[in-house]
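Keep in mind that this is a model prediction, so the values were computed, not measured. Values below: every heavy atom of this structure, side chains too, minus hydrogens, waters and symmetry copies. Both counts, for ligands and for their atoms, begin at 1 and track the order of listing.
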Amino acid sequence: MKFSLNLQILFAVIASFILGIALQQMDPNAAFYKNFMFACEIIGNTFVDLLKMILIPLIFSSIAVGVAHLRSHGNKHRVWKTTLIFFLFTSSLAVLLGLGAANLFQVGKGLDIHLFDADMAHFQARQMTLPDFIVKFFHGLFINPFAAMANGDILAVVVFALFIGIALIVLEEKTPLCLNFLEEVLAITMLIVGWIMKIAPLGILALLTRLIAGQSLELLATLVQFIAVIIGTTLLHGLVVLPLILFVLTGVSPAFFFRGARESLITAFATSSSSATLPVTLRCAEHHLHVDKKIAGFVVSIGATINMDGTALYEAAAALFVAHLTGVELNLLQQLIVFITAMLAAIGAPGIPSAGMVTMIMVLQSVGLPAEAIAILLPIDRLLDAVRTMVNVEGDMIGSLVVQKLTRPE
Ligand code: ASP
């Protein structure tokens with residue numbers, strides 16, 4: 001009997017929960033435990049490495065081809081404008097939700113910050129003020145493309161691919177060979193993504209088993225209210241707000257969307273990286289959600305680096321959490337600063353595990369909160385990162401459907 005990939009991934013998720021919880025009961029020094037975790041590490045890393053291997057050629061070719069094809073799209077200016085407006089709109093909703101939930105539930109009040117003294121003492125916070133962040137951000141945009149590709153510097157690769165795509169539009173019929181070549185690169189990389197997906201169930205099983213087995217229940221219990229509010233609000237955004245926007249703007253039903261998107265959502269959960277998940281996200285958008293290649297290549301690939309609703313929501317809520325912990329009451333103006341910096345932090349965070357933690361420092365410092373407080377958040381970040389990354393990639397896929405619908409030439 002042959003199971004579909006979707007079903008295999010579902011089995012993998014269920015099995016990983018059972019295995020992860022069983023492993024939590026075991027002695028971490030037992031030989032079996034160690035060997036099992038070692039095997040999971042090798043398999044999980046291999047899966048992520050394969051995705052990363054294909055990522056740069058894929059991002060580069062999909063964006064360049066996506067942009068170049070906009071020339072035949074009657075509404076090319078509408079496509080990029082709609083994309084940006086949609087990303088900003090949904091991210092600001094996410095931040096508002098994060099701020100709203102943190103204010104409503106007053107998360108962090110009543111917890112004693114001294115509980116975390118030991119963690120904080122060992123933590124060396126790197127400084128990252130808002131101006132530092134902006135300088136760094138602009139500095140990272142334009143880089144020698146070969147260096148950027150070799151270093152996996154995704155934002156710079158995106159920018160260079162945008163240049164190439166726009167040049168191909170301007171040159172119109174003069175560069176058919178180059179465009180053809182890039183189209184072929186894209187077709188080849190997508191085929192390889194299909195091969196990589198064959199081991200996705202195994203990779204996801206290994207990654208999730210490690211994730212669950214490695215959770216410290218004690219720590220989770222101390223911060224349970226914060227974790228519940230963050231996960232609850234992130235899921236509210238992912239399961240209600242985004243699908244509602246999708247339905248209102250396009251008429252696409254949430255059931256259809258989630259059926260088509262689940263490979264990517266689960267991969268995002270397991271890898272905590274929107275970049276590593278991008279090959280799968282693109283595949284879902286094109287094959288399962290029937291988004292036109294040209295639109296998906298553009299919207300999803302750019303979204304993977306700049307559109308992060310889950311991260312934006314988290315950064316805002318976590319800043320308020322730290323404020324409550326330290327007994328600081330943030331007034332409206334300060335919350336507005338958190339709003340803006342959380343948006344910037346989400347745009348600037350690369351799509352890699354715990355990237356949001358680094359940009360979080362800027363959000364904290366922008367309103368004078370101690371960056372050391374990150375020490376409290378780091379140990380629980382694996383779990384929260386998994387959830388927010390899932391919503392990050394969801395936003396990209398929904399964006400591609402919305403842009404496709406709103407820009408369809410009459
Ligand atoms: N891990 C997230 C992502 O790749 C970024 C973050 O840390 O929030 O989308």
Side-chain angles (χ1 to χ4, degrees), residues 44 47-49 51-52 55-56 58-59 87 90-91 94-95 97-98 126 128 133 137 140 152-155 157-158 204 207-208 210-211 226-227 230-231 233-235 237-238 242 261 264-282 284-285 299-319 321-322 338 341-364 371 374 376-400:
F47 176 54
V48 175
D49 287 343
L51 288 171
K52 285 198 195 151
L55 179 63
I56 297 288
L58 177 64
I59 280 201
F87 285 169
T90 51
S91 306
V95 175
L97 260 181
R126 268 187 293 137
M128 180 148 49
F133 174 79
F137 180 74
D153 213 326
I154 300 188
L155 193 57
V157 175
V158 169
I204 287 170
L207 289 167
L208 282 184
R210 262 167 63 85
L211 174 80
F226 173 65
I227 294 172
I230 294 287
I231 294 188
T233 322
T234 311
L235 290 181
H237 188 71
L242 285 176
S264 160
L265 298 177
I266 293 175
T267 311
F269 187 88
T271 60
S272 287
S273 165
S274 344
S275 298
T277 309
L278 178 63
V280 190
T281 315
L282 243 144
C284 287
V299 181
V300 172
S301 307
I302 293 184
T305 43
I306 65 168
N307 180 43
M308 298 191 179
D309 290 7
T311 305
L313 187 155
Y314 177 72
E315 306 241 344
F321 169 68
V322 171
V338 170
T341 47
M343 293 274 290
L344 287 174
I347 294 173
I352 55 174
S354 287
M357 278 289 101
V358 180
T359 52
M360 180 84 221
I361 295 178
M362 169 192 77
V363 181
L364 293 178
I374 296 282
I376 303 165
L377 304 174
L378 268 177
I380 50 167
D381 197 49
R382 267 309 267 126
L383 179 68
L384 300 181
D385 196 9
V387 180
R388 65 178 186 257
T389 308
M390 197 160 61
V391 173
N392 288 348
V393 305
E394 178 190 351
D396 303 335
M397 285 182 280
I398 291 196
S400 68

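Distance check, rounded to the nearest 0.5 Å: CG of Leu384 to OG1 of Thr234 gives 7.5 Å. Atom-to-atom distance recorded for Glu315:CD and Thr359:OG1 is 3.5 Å, nearest 0.5 angstrom. Taken to the nearest 0.5 Å, the CD1 atom of Ile374 stands 10.0 Å off from the OG atom of Ser354. Rounded to the nearest 0.5 angstrom, Ser273 OG and Leu51 CG are separated by 8.5 Å.
Of all the heavy atoms in Ala317 and Ile230, the pair that sits closest is CB-CD1, 3.5 Å. The shortest heavy-atom contact between Ser91 and Asn307 is OG-OD1, 3.6 Å.
Checking only distances, Met308 never comes within under 3.5 Å of ligand 1, N or O to N or O. Considering backbone and side-chain N/O atoms, Pro350 never comes within less than 3.5 Å of an N/O atom of ligand 1.
Proximity to Ser272 (heavy-atom distance under 4.0 Å) selects the following atoms of ligand 1: 1 (N), 4 (O). Atoms of ligand 1 lying under 4.0 Å from any heavy atom of Ser273, numbered from 1 in the order shown and given with element: 4 (O). Those atoms of ligand 1 with a heavy atom of Thr311 less than 4.0 angstrom away are 5 (C), 6 (C), 8 (O). Within ligand 1, counting atoms from 1 as listed, the ones closer than 4.0 Å to a heavy atom of Gly356 are 6 (C), 7 (O), 8 (O).
Of all protein heavy atoms, the one closest to atom 2 (C) of ligand 1 is Thr389 OG1, 3.3 Å. Remark: minimum distance from atom 1 (N) of ligand 1 to any protein heavy atom is reached at Asp385 OD1, 2.7 Å.
Considering Thr281, Thr389, Leu265 as possible partners of Glu394, the one that fulfils the side-chain contact (heavy atoms from CB on, under 4.5 Å) test is Leu265.
Contacts between Val393 and ligand 1 below 4.0 angstrom, taking non-hydrogen atoms only, are absent altogether. Of all the heavy atoms of Met357, none lies under 4.0 Å from any atom of ligand 1, so neither backbone nor side chain is involved.
The aromatic rings of Tyr314 and Phe226 lie tilted to each other, with the angle between the two planes from 30° to 60°.
Residue Ser274 holds the heavy atom nearest to atom 3 (C) of ligand 1 of all those in Ala349, Ala312, Ala355, Ser274.
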